[in-house]
Amino acid sequence: MSKVEVFQQQPSGAVAAESPFHFSRQRNPLAPAKGEAGVIMAERPFLTHLILRGTPEVLLGGVRNVTGLTLPQTPCSMNSKEDKSLQWLAPDEWLLILPPGSEFSTEKALRGELGDGSYAIVNVSGGQTVLELSGPNAREVLMKSTSCDLHPRTFPEGRGVSTVFAKTGAIIRRPDAQRWELVIRRSFADYLYRWLLSAGAEYGITTQER
Amino acid sequence: MFYIHCPYCNERRSEEEFHAKGQAHLMRPANPEEASDREWGDYLFFRDNPRGLHQEMWVHAAGCRKFFNILRNTVSYEILETYPMGEQSSVLAEMTAGRERGEPRRAAGAVA
């Protein structure tokens, strides 16, 4: 067991949580797309985001035991299973995304498994959120805003990159053939929401509550 | 717009993801207390500004956020090699070896 003190960072039930897009959605009520929507934008709020840092040798076994996911060691790749995903960010850094509310239990379990090894686990759930794009024109909308090559030939399923997006930074991921995910900073959420509404207007964009 | 190969991501990404971070392979005097003012001043303040090949540190700021080294020609902007921190340039080593063997200099530029 590690000596690091871990505490429950989520307030108990009495405090209502508001997603980073709470006010964006009120200020920009969407007119329904004329005809069939080319892009469907959906937020996946309140997910658990944990940054894992350390060498693969230290993290591999413990992470597999706790999450059931294998640490991806190929650059710019991610492993996902159901609603969990683990993405390579740097040779010593990974992003673990889990269902909402599992920060505390997961971090405790990981520290229990990994013991006193040399590693770091940081809960960044409050700092970033996931925006999901699907629909026939999702890739075109993303292509307008990034210099990263998103062609299926170079951007297959299971790839995720951290790159420049709409003059700011974002992680672009492709969990499966139908969906694109953007992991964005909370403070840029409203900006990117409006940017994507504008970029997607020509294809017909609609938002979906999940 | 350049495409730069990041040795950690192991792929080419657009230049806007990177930032230049100055001259590479600067060695901090092993024992600063015994270093002369000139040595210490050189280490802190003075940088090469060659016309030709230059080894620089760059950082993949929007990507993996790792520092790495670039061997770059300051005249033609050609990037000859990118390699991880802690390693030495293999292209430069090969050019030096080639010169010692008496081969003519390659067109990329003179070694500063």
Side-chain angles (χ1 to χ4, degrees), chain A residues 51-56 59 71-78 86-95 120 122 124 127-128 142-156 158-174 182-185 187-188 191-192, chain B residues 1-28 30 54-94:
Chain A
I51 292 285
L52 313 179
R53 301 206 60 172
T55 58
L59 294 172
L71 206 67
Q73 293 187 50
T74 315
C76 307
S77 65
M78 62 187 262
L86 184 56
Q87 183 190 348
W88 184 99
L89 291 183
D92 59 353
E93 186 175 355
W94 287 266
L95 172 64
V122 182
V124 293
Q128 51 193 38
L142 294 176
M143 275 164 60
K144 288 164 112 181
S145 312
T146 180
S147 56
C148 191
D149 187 359
L150 302 181
H151 193 279
R153 195 172 52 232
T154 52
F155 211 114
R159 178 172 154 86
V161 298
S162 172
T163 183
V164 281
F165 184 83
K167 301 176 200 288
T168 166
I171 296 170
I172 304 176
R173 332 184 323 150
R174 200 164 171 221
L182 289 175
V183 182
I184 58 176
R185 288 194 185 258
S187 49
F188 282 96
Y191 163 76
L192 283 167
Chain B
M1 182 59 72
F2 291 117
Y3 282 99
I4 298 174
H5 181 267
C6 169
Y8 295 104
C9 295
N10 201 20
E11 58 188 36
R12 282 144 67 95
R13 299 284 194 85
S14 91
E15 183 193 352
E16 61 179 324
E17 292 187 17
F18 299 86
H19 288 307
K21 288 288 179 181
Q23 189 180 343
H25 302 299
L26 293 173
M27 290 299 286
R28 188 174 194 263
H54 192 31
Q55 287 168 288
E56 292 173 344
M57 280 193 301
W58 283 57
V59 61
H60 193 182
C64 62
R65 305 202 306 274
K66 294 286 172 216
F67 280 73
F68 60 94
N69 298 310
I70 276 187
L71 177 66
R72 193 173 75 88
N73 191 317
T74 59
V75 178
S76 65
Y77 300 139
E78 181 191 5
I79 294 166
L80 286 90
E81 187 184 16
T82 60
Y83 51 100
M85 297 309 278
E87 291 185 13
Q88 295 295 323
S89 167
S90 61
V91 172
L92 207 59
E94 176 55 36

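For clarity, every value in this text was computed on a predicted model and none was experimentally measured. Residue numbering restarts at 1 for every chain, and letters A, B, ... go by the order of the sequence lines.
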Does a sphere of radius 6.0 Å around [atom1] in [X] hold more than 12 heavy atoms from other residues, nucleotides or ligands, not counting ones at 6.0 Å or beyond?
X: B/M1; atom1: CE; result: yes
X: B/Y3; atom1: OH; result: no
X: A/R53; atom1: CZ; result: yes

> Would A/D92 and B/K66 satisfy side-chain contact (heavy atoms from CB on, under 4.5 Å), going step by step from the backbone distance to the final call?
Replying inline: CA-CA 10 Å; A/D92 59 353; B/K66 294 286 172 216; 2.9 Å; yes
> At their closest point, which heavy atom of B/Y8 faces which heavy atom of A/P91, and how far apart are they?
Replying inline: CD2-CG, 3.6 Å
>> Taking A/S147's backbone N and O only, do any of them form a donor-acceptor pair with B/S14's side chain (distance below 3.5 Å, no angle check)?
In response: no
> Does the side-chain contact (heavy atoms from CB on, under 4.5 Å) test come out yes or no for A/C76 and B/R13, once each step is laid out?
Replying inline: CA-CA 12 Å; A/C76 307; B/R13 299 284 194 85; 3.3 Å; yes
> Hey, are A/R159 and B/E11 close enough for a salt bridge, meaning a charged N less than 4.0 Å from a carboxylate O?
Replying inline: yes
